[in-house]
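Report on the following structure.
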Amino acid sequence: FFASSFIIIIIIMSSTNNLAPRPSLTRTVSHNARTAEDILTRFYAAERRYMASPAEKRDFGDLEDTLSPEVLVHQSPDMPYGGEYQGHDGFRSWSEAMATCFDRMEVSERQVLHNGNEVVVTSTLRMRVRKSGEEVLGPLIQWIKVDRDAGTIKEIRPFYWNVRGINEALGRGMYGQ
């Protein structure tokens, strides 16, 4: 009796138009990732999938789920996509620019050093130039701020070891000429 009454109540409530507005169900994400390492693991997996996809099939949703709505990315001005990118739209813009250059990005051999919500990641970065297939490999250090309560990344500041080599692999001079 209780179960059938409960189902009837749900049906009545869902068909009533006078209910208070419900929160949007378009992007409700449940995370159990509350450690910096778990947050970063989800991010790197989503980034890898995004980069590997052809432009017409890229889905930003998985990547967006790992990011704070106010995320801020600081890219070296010497990179082809240098500058600051804020919010999901800014991050998407940076991701598109980077995915235009590379079709593979893998951050491996990660060592995560953290103090609460501040994280330093030392790693090896392997990228493949989309146009030529040339591999670019080198150390990468990232200073990242996370929100462990929300399970998202708030800020990223990457430091590439060989900016010149990346630009040369892309057919650009040291400073993007």
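- For the pair Thr152/Val146, no side-chain contact is recorded, criterion being any heavy-atom separation below 4.5 Å from C-beta on.
- Under the 4.5 Å side-chain criterion, counting only non-hydrogen atoms from C-beta, Thr124 is not in contact with Val107.
- Counting heavy atoms from C-beta outward, Leu113 and Val119 have side chains that stay 4.5 Å or more apart.
- Ion pairing of Arg128 with Asp103 is present here, as a side-chain N (NZ or NE/NH1/NH2) and a carboxylate O approach within less than 4.0 Å.
- Between atom CG of residue Leu125 and atom CD of residue Glu106 there is a gap of 9.0 Å, rounded to the nearest 0.5 Å.
- Here the side chains of Glu47 and Met105 are in contact, with some heavy-atom distance below 4.5 Å.
- Two residues are said to be in side-chain contact when any heavy atoms from C-beta on lie closer than 4.5 Å; Val120 and Ile141 meet this criterion.
- No side-chain heavy atom of Lys145 sits under 4.5 Å from any side-chain heavy atom of Asn117.
- Taking the side-chain contact (heavy atoms from CB on, under 4.5 Å) definition, one finds that Arg157 meets it with His74, Trp143, Glu155, Phe159, sequence neighbours left out.
- Residues Gln75 and Tyr160 have side chains that bring a donor and an acceptor to within less than 3.5 angstrom of each other.
- Expressed to the nearest 0.5 Å, how far CD1 of Ile39 lies from OG1 of Thr66 amounts to 9.5 Å.
- Note that the CZ atom of Phe43 and the CZ atom of Arg48 stand 11.0 Å from one another [nearest 0.5 Å].
- Every residue two or more places apart in sequence or in another chain that forms a side-chain contact (heavy atoms from CB on, under 4.5 Å) with Gln86 is listed here: Leu72.
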Table please: side-chain donor-acceptor pairs of residues 131-140 below 3.5 Å, with sequence neighbours left out.
from: Ser132; atom 1: OG; to: Glu134; atom 2: N; distance (Å): 3.1
from: Glu135; atom 1: OE2; to: Arg104; atom 2: NH1; distance (Å): 3.3

Test log, rule side-chain contact (heavy atoms from CB on, under 4.5 Å), inputs Thr35 and Arg148: CA-CA 6 Å; Thr35 69; Arg148 291 184 312 151; 5.8 Å; no

Mind listing the side-chain donor-acceptor pairs of residues 90-99 below 3.5 Å, one per line with the distance, residues two or more places apart or on another chain?
from: Ser95; atom 1: OG; to: Phe91; atom 2: O; distance (Å): 2.9
from: Glu96; atom 1: OE1; to: Arg58; atom 2: NH1; distance (Å): 2.9
from: Glu96; atom 1: OE2; to: Tyr50; atom 2: OH; distance (Å): 2.3

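- Formation of a donor-acceptor pair under 3.5 Å by the Arg42 side chain with backbone atoms of Gly151 is found in this model.
- The backbone N or O of Ile153 lies less than 3.5 Å from no partner atom in the side chain of Asp147, so there is not a single donor-acceptor pair.
- Residue pairs meeting the salt bridge (charged side-chain N to carboxylate O under 4.0 Å, His left out) criterion with at least one partner in residues 109-122, sequence neighbours excluded, do not occur; the list is empty.
- Between Arg172 and Pro80 there is a side-chain heavy-atom pair separated by less than 4.5 Å.
- When the side-chain contact (heavy atoms from CB on, under 4.5 Å) test is applied to Asn162, the partners found at least two apart in sequence or on another chain are Arg164.
- At least one donor-acceptor pair under 3.5 Å links the side chain of Arg130 to the backbone N or O of Phe102.
- Contact annotation: the side chain of Cys101 approaches that of Leu170 to within less than 4.5 Å [non-hydrogen atoms, C-beta and beyond].
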